[in-house]
Structure formats: structure tokens, C-alpha cells
Amino acid sequence: MAEPVLEVTGLVKHYPLTRGVLLRRQTGAVRAVDGVDFTLGRGETLGLVGESGCGKSTVARLLCGLERPTAGSVRFRGEEITGLSGRAWKAVRRNIQMVFQDPYTSLNPRMTVGDIVGEPFEIHPEAAPKGDRRRRVRELLDVVGLDPEYVNRYPHQFSGGQRQRIGIARALALRPEVVVADEPVSALDVSVQAQVVNLLARLQSEFGLSYVFIAHDLSVVRHLADRVGVMYLGRIVESGRDDAIYDHPTHPYTQALLSAVPVPDPGARDRRERIVLTGDVPSPAAVPSGCRFRTRCWKARERCAREVPALAVPAVFRDVSGPAAHPSACHFAEEKRVVPPAASRPDGNGPG
């Protein structure tokens with residue numbers, strides 16, 4: 001892997017649940033992120049995928065300093081950035097910028113495009129001389145494929161794809177090293193999604209950016225990511241190079257996600273094994289004991305209820321090289337993927 005620019009270790013974010021009016025007491029916690037580890041290399045794209053509510057967006061906000069972690073470490077270029085003061089975070093934030101999910105709500109409707117893209121220069125005046133900011137804004141609009149003459153228009157005068165380009169231009173204004181993209185194409189039409197993903201790939205090549213790319217669409221992630229982390233209920237359950245995850249998935253949850261990806265070829269679609277998960281995603285305020293996926297897993301056994309599986313390379317692959325040898329948090333990742341019919345599972349949920 002390239003030289004690490006971000007190193008995340010044991011990242012945790014719990015939101016307390018309280019009860020009472022006058023004497024409030026904590027009764028539990030929503031475990032949104034519960035021990036996440038990964039590294040991001042310089043010029044690399046790490047894709048984080050998973051269902052809604054798995055903690056992906058919370059990780060994004062923690063990386064950008066919009067939330068403070070409950071525990072864990074985030075290091076940028078070897079420097080610890082968790083727990084920094086507001087002024088210290090301001091300096092770090094120049095190098096870690098975010099592209100938000102919804103282009104309709106992430107732009108101030110009362111500001112012109114020129115003011116939106118130029119706002120980072122007001123917050124970080126050392127980034128550009130005052131007399132040069134208008135020129136820089138026009139250059140940024142041109143870089144993301146928008147007419148520089150649009151500087152005096154307002155967000156409501158643009159389409160969804162154009163608004164997301166404005167958000168990308170704003171994120172690039174301070175010339176960051178890391179861009180955290182939180183589902184940047186999920187609110188866009190499919191044809192526009194491809195344009196924005198291609199734009200992100202081009203910008204990465206031109207400026208040497210490192211991306212944390214968050215999405216629930218695995219086909220989009222495969223187009224852009226060098227490595228992939230699959231999240232479930234606040235933890236990464238499988239990680240590896242993109243070819244390892246897509247061609248040799250070992251965690252049952254990853255296998256189920258990939259089986260749901262649309263396939264344009266009807267013949268291939270008919271031959272593909274379809275995995276339909278039973279049961280609902282457990283609440284992050286009451287996660288299952290042991291393996292968090294066991295309540296929906298066809299491989300689940302008594303051991304899964306007792307022991308938390310470590311994110312590690314399965315024993316059968318430890319002495320070999322290649323895409324198959326990548327970490328997976330499953331006690332039975334080595335077993336062949338066989339999905340029993342629902343009728344053969346008494347409750348469809350595995351052991352309780």
C-alpha cells in the first residue's frame with residue numbers, strides 16, 4: 001500500500017440514551033461506530049459499503065471533525081487529530097474536506113455559487129489572497145465542468161448533478177489531501193451518477209487526492225475504489241483489495257450484498273446464486289452478542305453467539321498469497337458458500 005495519509009484505530013462513537021426529566025440518567029447507548037480500523041494510502045480510494053444505519057456516515061463525520069469520537073485514534077500524516085481544539089482542527093480541516101450526500105441541502109440557497117465555492121477562503125484567508133479569490137473560484141468551477149460565468153447564480157438554478165459539482169468544487173478550494181465523499185451520488189439519476197464518479201476519478205488523477213468513498217451501491221464503489229471495507233452494525237466485517245472483495249468474498253454479509261447487485265446479462269443473472277437475508281437489522285442500541293450478523297446468517301452456530309469474531313485472514317488462506325487472503329470477521333469464513341432453503345431454518349435467524 002502507498003504511504004498512509006490516514007490511520008484509523010479502534011474508532012468508536014456511542015450516543016447515550018437517557019431517561020428522566022429532572023434527574024436524567026443514562027440507560028444505554030446507540031453504538032453507531034464500535035471499533036473501526038483502516039488505513040488510507042496517499043492517492044488511494046478506500047470504499048466503505050453497507051446498509052443504511054451501519055455507521056458509514058458517522059465514520060465520515062468523525063474523520064472530518066464534525067463529531068468527536070467516544071474512543072479510538074485518527075492520525076493524519078502520523079499526527080493524532082482526535083481531541084484537538086477548535087483552532088487546531090481548523091488547520092487540519094484544510095487537508096481533510098467532505099462532499100456531502102444531498103446536493104439539495106448541503107448548499108446555502110441564499111448564497112451565490114461564487115460565494116459558496118469561495119467561502120473556504122473566508123474561513124482560511126491564508127489559502128488565497130483576497131484579490132485573487134474570484135479568479136480561483138472561476139478556476140474551480142471550470143475544473144469540475146461548470147461554466148465560470150455561473151458564479152452569480154443561486155443553487156436553485158442548477159440540476160442535482162450540477163449542485164454536486166458545486167459541492168466538489170467547494171471541497172477542492174483549499175487543495176486538501178483527503179476528500180471524504182459521503183454517498184455523493186446516491187441522490188442523483190443513474191446517468192448523472194456516472195458523470196460524477198468519472199469526475200471524481202479525473203480529479204484524483206490530476207490532484208493526487210486520497211478518497212474515503214462511502215456508498216451503498218457496490219457497483220459504483222467497484223468503479224472507483226482500490227480497497228473496500230464492508231460495514232455492518234458499526235464494524236468492518238470484511239476488507240481487502242477491490243478484486244478480493246468482489247471476486248472472493250468470504251463473509252456471509254458481503255456475499256449477500258454482492259448477490260443483490262443488478263446484473264445486465266439475463267443469462268448470468270439466472271445462473272447467479274441469490275442470497276435473501278431473513279430477519280431485520282438489529283438495533284445499534286441492542287446489538288446481538290458474539291457475531292453481530294448471526295441473527296441473519298445461514299452459517300450461524302452456537303459459537304457465533306458466544307465469541308466475537310476477529311477481523312483476520314481465515315486460517316486456510318494464511319499461507320497463500322492473492323486476493324483470497326484478506327481479513328474477514330467470520331468464524332466460518334473458510335466454509336463453502338451454501339445457502340440452505342428458508343424452510344430448513346426453524347426461525348430463519350440462526351441461534352439466538
Side-chain angles (χ1 to χ4, degrees), residues 1-15 29-50 53-85 88-89 91-101 171 176-184 204 209-216 221 224-242 244-245 251 253-254 284 287 292 308-313 326-329:
M1 189 187 75
E3 176 190 356
V5 61
L6 270 185
E7 298 169 274
V8 176
T9 307
L11 192 62
V12 173
K13 181 61 179 179
H14 292 176
Y15 296 95
V30 175
R31 299 160 76 171
V33 178
D34 208 20
V36 166
D37 305 283
F38 64 80
T39 57
L40 177 69
R42 193 174 301 277
E44 181 186 49
T45 298
L46 171 69
L48 288 181
V49 301
C54 71
K56 307 185 301 296
S57 294
T58 303
V59 169
R61 296 178 67 83
L62 292 170
L63 295 179
C64 295
L66 300 178
E67 299 268 5
R68 284 190 174 272
T70 305
S73 167
V74 179
R75 300 179 69 86
F76 173 69
R77 292 191 303 195
E79 177 187 353
E80 181 65 50
I81 62 174
T82 51
L84 291 179
S85 65
W89 247 115
V92 172
R93 195 168 283 123
R94 281 195 59 176
N95 290 300
I96 305 176
Q97 289 288 302
M98 187 166 179
V99 177
F100 295 90
Q101 176 178 1
E177 294 185 42
V178 176
V179 173
V180 180
D182 183 15
E183 303 210 38
Q204 183 176 43
L209 299 169
S210 301
Y211 288 143
V212 176
F213 187 85
I214 295 169
H216 60 265
V221 172
L224 198 61
D226 300 298
R227 291 187 300 117
V228 178
V230 181
M231 288 192 67
Y232 185 79
L233 272 185
R235 288 184 177 172
I236 292 179
V237 296
E238 187 167 4
S239 65
R241 297 195 330 238
D242 62 331
I245 299 298
H251 196 281
Y253 179 61
T254 308
V287 298
R292 299 178 178 212
V308 178
L311 182 63
V313 178
H326 64 274
S328 179

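All of these numbers come straight from a predicted model, not from anything done at the bench.
- Residue R292 comes nearest to Y232 through the heavy atom pair O-CE2, 3.4 Å, listed as atom of the first residue, atom of the second, then distance.
- Here the side chains of V228 and V49 are in contact, with some heavy-atom distance below 4.5 Å.
- Of all heavy-atom pairs between R93 and G65, the closest is NH2-O, 3.5 Å.
- With a 4.5 Å cut-off on side-chain heavy atoms, I214 and V221 do not count as touching.
- The structure places CG of L62 at 6.5 Å from CD of E67, a figure rounded to the nearest 0.5 Å.
- In this structure, V178 and V5 have side chains that are in contact, with non-hydrogen atoms separated by less than 4.5 Å.
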Evaluation steps, side chain to side chain donor-acceptor pair (under 3.5 Å), between S57 and E183: CA-CA 8 Å; S57 294; E183 303 210 38; 4.9 Å; no
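- Using modelled atom types, one side-chain atom of E238 and one backbone atom of H251 make a donor-acceptor pair closer than 3.5 Å.
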Stepwise side chain to side chain contact (heavy atoms under 4.5 Å, CB included) test for T254 and I245: CA-CA 8 Å; T254 308; I245 299 298; 3.9 Å; yes
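- Rounding to the nearest 0.5 Å gives a distance of 8.5 Å between CG of L11 and CG of D37.
- Residue R42 holds its CZ atom at 7.0 Å from CZ of R77, rounded to the nearest 0.5 Å.
- D34 and K13 are not joined by a salt bridge, as no carboxylate oxygen comes within less than 4.0 angstrom of a charged side-chain nitrogen.
- No side-chain heavy atom of S73 sits less than 4.5 Å from a side-chain heavy atom of V8.
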R227 and E44: CA distance, side-chain angles, deciding distance, side chain to side chain contact (heavy atoms under 4.5 Å, CB included) verdict: CA-CA 8 Å; R227 291 187 300 117; E44 181 186 49; 2.7 Å; yes
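- With values rounded to the nearest 0.5 angstrom, T58 atom OG1 is found 8.0 Å from M231 atom CE.
- With R235 contributing its side chain and A329 its backbone, the two residues share no donor-acceptor pair below 3.5 Å.
- Considering CG of D226 and OG1 of T45, their distance stands at 5.0 Å, rounded to 0.5 Å.
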Verdict with reasoning, T70 to Y15, per side chain to side chain contact (heavy atoms under 4.5 Å, CB included): CA-CA 9 Å; T70 305; Y15 296 95; over 6 Å; no
Step-by-step side chain to side chain contact (heavy atoms under 4.5 Å, CB included) determination, L6 to S210: CA-CA 9 Å; L6 270 185; S210 301; over 6 Å; no
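- Here the shortest heavy-atom pairing between K56 and A215 reads CE-O, 3.6 Å.
- The two residues F100 and M98 have their closest heavy-atom pair at CE2-SD, 3.8 Å.
- What you find for L46 and G229 is that their closest heavy atoms are CD1-N, 4.2 Å.
- Looking at every heavy atom in both residues, I236 comes nearest to F38 through CD1-CD2, 4.2 Å.
- One finds the CZ atom of F76 at 11.5 Å from the CD atom of E7 (value rounded to the nearest 0.5 Å).
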